[in-house]
Protein chains: 2
Amino acid sequence: MTEPNTMVFMTTEHKKVTIRDVARLANVSYGTVSRFLNGSEHVSKDASERIAAAIKESKYTPNKAARSLAQQRTSTVALIIQVEASETVVQYSVSEAMSGANTTLGDAGYQMVTLIANSEDSTKRIEQLVNSDFADGYLLFSLSEDDSLANAFLSTNRPVVRSEVSDRGDLTYPAVDFTNADGQRDITRYMLDKGRSHIVYVCGPGYSPASIKRLAGFKEALGDRFDDRQVYFADDWEITSGELAVFEYQSMLSGIDGFVCANDNLAIGVINQLNRFGYRVPDDIAVTGFDDSPMAILSNPKLTTVRQDSMLHGRAMAELLLTMLRGEPVRQYYVRLLPTTIVERQSA
Amino acid sequence: MTEPNTMVFMTTEHKKVTIRDVARLANVSYGTVSRFLNGSEHVSKDASERIAAAIKESKYTPNKAARSLAQQRTSTVALIIQVEASETVVQYSVSEAMSGANTTLGDAGYQMVTLIANSEDSTKRIEQLVNSDFADGYLLFSLSEDDSLANAFLSTNRPVVRSEVSDRGDLTYPAVDFTNADGQRDITRYMLDKGRSHIVYVCGPGYSPASIKRLAGFKEALGDRFDDRQVYFADDWEITSGELAVFEYQSMLSGIDGFVCANDNLAIGVINQLNRFGYRVPDDIAVTGFDDSPMAILSNPKLTTVRQDSMLHGRAMAELLLTMLRGEPVRQYYVRLLPTTIVERQSA
DNA sequence: CTGTTAGCGCGTTCAG
DNA sequence: CTGAACGCGCTAACAG
């Protein structure tokens with residue numbers, strides 16, 4: 001059956017060394033070994049040493065499934081991303097946050113499994129998983145306002161941390177978020193202070209929670225002078241949409257001296273199109289972004305933007321979850337807001 | 001203890017509905033329920049219906065840990081990334097591949113856990129995990145040639161798929177990789193065909209497997225004309241290193257008409273610095289990249305580069321692993337090479 | 001086709 | 001301080 005040079009993998013069979021083997025080697029009962037492994041004080045120094053030696057000798061590693069079953073904990077945390085079907089999951093800020101969360105969870109002895117909800121099927125699968133308590137806690141990134149998934153968590157009593165403050169009153173989970181509104185407000189004021197008074201706001205897609213908050217910040221900065229007609233609603237976060245925004249305002253461009261954009265991609269699209277139309281940035285029209293992604297220094301001119309530390313975002317979420325996993329109480333609706341800062345470059 | 005407005009989470013206690021409850025509701029033994037759940041044919045239509053109803057009514061979801069323990073499979077796959085401590089994990093191509101792998105594994109009913117090995121600690125942790133057979137299979141991204149981790153897999157007989165062909169003979173795992181050498185060779189020839197004959201190669205960092213292969217491709221294209229002095233060895237994959245390369249060759253720039261770079265970042269750095277030195281790209285000096293990352297269209301001029309489909313890379317790796325998990329035999333050293341294509345833009 | 005039962009590997013009583 | 005025994009929720013092998 002199995003030809004030479006062919007690998008076949010068995011999922012069964014594998015003479016694994018168990019706690020019993022260790023016990024035998026160390027000349028104790030396996031109950032004692034278990035106590036030793038779980039750091040119980042009630043193990044004699046003598047026995048401890050023999051057990052330690054036995055473990056090393058036999059290369060014993062505890063079986064995760066058995067342990068999970070016995071103590072009802074999985075040492076696993078699930079990071080769940082909910083996105084529009086159309087949207088790409090691979091956004092810089094999300095990747096960074098995932099990476100941050102992964103390392104702090106890993107250091108704490110947890111494994112992070114990543115689940116992506118971008119279709120009915122995947123959403124249903126994830127609901128099932130959550131319902132089976134397959135993880136000890138959850139990190140929830142709702143890149144879309146669609147709430148179908150959030151409901152799944154109502155039936156579990158495992159801790160959940162969200163990546164953004166929610167509007168829904170029944171979602172009492174704590175969250176770690178950026179000062180989106182403040183950041184957008186501040187950079188808008190920055191523009192205003194530089195004498196730019198005819199500003200267009202390129203808003204993110206409507207399904208995004210961040211879009212709403214940033215728009216609010218823009219409005220706040222403008223106060224009474226705000227006019228609905230000065231905001232363009234993009235369909236997504238991509239460069240192309242920034243270009244489209246400029247097309248939309250093409251006929252009025254001579255009366256405009258600034259574009260405030262809800263993220264870097266949109267800003268870059270705006271700059272590109274402005275260049276094509278022969279406008280100089282920032283001399284004729286200034287442009288700002290949001291995120292300070294790696295692309296921010298690639299535009300011409302380089303982007304003045306709002307910086308947020310996405311890696312920290314992930315780390316902070318993970319840390320919060322870890323405290324909850326330790327059993328420490330956390331206030332309902334608790335929110336930790338991470339700062340955003342203006343990065344001044346050439347585009348504004 | 002627990003104040004109002006405070007959430008405390010219990011990791012124990014949770015009256016979960018088990019297979020027994022379902023059995024009672026459906027008036028069958030729980031062995032029958034188990035068979036039903038595992039798709040055994042030997043369940044009467046009548047019983048099946050009652051069980052299905054009972055499951056729905058009780059909102060039963062099987063316990064993963066128990067199932068894993070009993071059947072020695074975990075329904076999880078680990079994606080392991082090995083990087084230099086200094087290097088950022090968040091590289092576009094890796095994120096894309098992760099996303100691709102995640103969706104195809106998810107569709108197949110597997111959860112993907114991501115593990116990052118970038119320190120002694122994390123490496124040791126991962127070795128432990130692998131040794132405890134905590135996953136059914138592994139996707140291994142060695143972004144660094146450091147082999148300390150690869151050894152961990154020698155002691156498991158779970159299937160492993162690598163993201164690049166290995167030089168080590170004892171690592172017999174199948175791999176999915178790009179035609180790195182061919183891609184680099186072809187775009188070099190493209191340059192040569194355009195009459196560029198004084199070319200510098202900006203090589204990736206020495207710890208990267210891809211670096212080696214791409215360099216080989218460059219050499220192949222040049223054949224006898226190859227000269228050691230025309231290659232610059234970058235310390236990493238970042239833009240800055242591309243800029244440094246140009247500095248290095250500053251005094252000879254007038255005699256150079258092309259830079260072939262091992263990735264887009266390096267190429268962008270080269271272009272930037274060339275621009276600063278007053279050279280026109282591609283008129284004076286042409287530049288090519290590799291990856292076709294999103295940044296490729298942001299440089300000025302836009303980058304002519306080698307495209308590789310990283311999402312597909314992840315998908316293909318996952319698919320290969322799935323076939324192995326199904327028990328289908330796979331030849332030792334089997335390698336699937338994914339195509340690379342030249343994307344012609346303005347920089348060359 | 002179905003009920004029964006013996007583990008899977010480990011944590012946790014409870015005596016001693 | 002330590003050993004024995006039971007149970008976690010489920011699968012699988014065996015009778016029937």
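Below, read A as the first sequence line, B as the second, and so on, with proteins coming before strands; counting in each chain starts at 1. All values below were derived from every heavy atom in this structure, side-chain atoms included, with hydrogens, water molecules and symmetry-related copies excluded.
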(request) For Ala65(B), answer base if it contacts any base atom (sugar-phosphate contacts may also be present), sugar-phosphate if it contacts only those atoms, and nothing otherwise; contact means non-hydrogen atoms under 4.0 Å. (result) nothing

(request) Would you mind reading off the distance between Arg73(A) atom CZ and dG9(C) atom C1', rounded to a whole angstrom? (result) 17 Å

(request) Using atom CG of Asn27(A) as one end and atom C1' of dT2(D) as the other, report the distance to the nearest whole Å. (result) 13 Å

(message) On the nucleotide dT2(C), are OP1 or OP2 found under 4.0 Å from the side-chain N or O atoms that Ser29(B) carries?
(response) no

(request) Report the distance from atom CG of Asn131(B) to atom P of dG9(C), rounded to the nearest whole Å. (result) 15 Å

(message) Test: salt bridge (charged side-chain N to carboxylate O under 4.0 Å, His left out). Region: residues 110-120 of chain A. Which pairs qualify, not counting sequence neighbours?
(response) none

(message) Once salt bridge (charged side-chain N to carboxylate O under 4.0 Å, His left out) is applied, do any residues pair with Arg336(B), and if so which ones, sequence neighbours excluded?
(response) none

(request) Both distances under 3.5 Å, Watson-Crick or G-U wobble: on that basis, could you give the dot-bracket string for DNA chain D, with [ ] for crossing pairs and | for other-strand partners? (result) ||||||||||||||||

(request) For Phe36(A) and dG3(D), give me the distance from atom CZ to atom P, rounded to whole Å. (result) 15 Å

(request) List for me each residue that meets salt bridge (charged side-chain N to carboxylate O under 4.0 Å, His left out) alongside Asp107(B), sequence neighbours excluded, and say none if there are none. (result) Arg125(A)

(message) In the structure I gave you, are the side-chain heavy atoms of Leu37(B) and Arg67(B) within less than 4.5 Å of one another anywhere?
(response) yes

(message) From CZ of Arg50(B) over to P of dC1(C), roughly how many Å is that when rounded to an integer?
(response) 14 Å

(request) Using whole Å, report how far CG of Leu69(A) lies from P of dT11(D). (result) 12 Å

(message) In this structure, how many angstroms lie between the C1' atom of dT11(D) and the CD atom of Gln72(B), rounded?
(response) 10 Å

(request) Quick one: which residue pairs count as a salt bridge (charged side-chain N to carboxylate O under 4.0 Å, His left out) with a foot in residues 42-54 of chain B, not counting sequence neighbours? (result) Asp46(B)-Arg50(B)

(message) Output one letter per nucleotide in nucleotides 10-16 of chain C: B when a protein non-hydrogen atom lies under 4.0 Å from the base, S when only the sugar-phosphate is that close, - when neither is.
(response) BBBB---

(request) Walk me through it: do Asp21(A) and Arg24(A) pass the test salt bridge (charged side-chain N to carboxylate O under 4.0 Å, His left out)? (result) CA-CA 5 Å; Asp21(A) 301 319; Arg24(A) 201 174 312 122; 3.4 Å; yes

(request) Not counting sequence neighbours, which residues clear salt bridge (charged side-chain N to carboxylate O under 4.0 Å, His left out) with Glu164(B)? List them please. (result) Arg162(B)

Counting only pairs under 3.5 Å, give me each side-chain donor-acceptor contact of residues 53-63 of chain A, with atom names and distances, residues two or more places apart or in other chains.
from: Ser58(A); atom 1: OG; to: Ala54(A); atom 2: O; distance (Å): 2.7
from: Ser58(A); atom 1: OG; to: Ile55(A); atom 2: O; distance (Å): 3.4
from: Thr61(A); atom 1: OG1; to: Asn131(B); atom 2: O; distance (Å): 3.4
from: Asn63(A); atom 1: OD1; to: Ala65(A); atom 2: N; distance (Å): 2.8
from: Asn63(A); atom 1: OD1; to: Ala66(A); atom 2: N; distance (Å): 2.8

(request) Only counting residues at least two apart or in another chain, list the ones meeting salt bridge (charged side-chain N to carboxylate O under 4.0 Å, His left out) with Arg20(B). (result) none

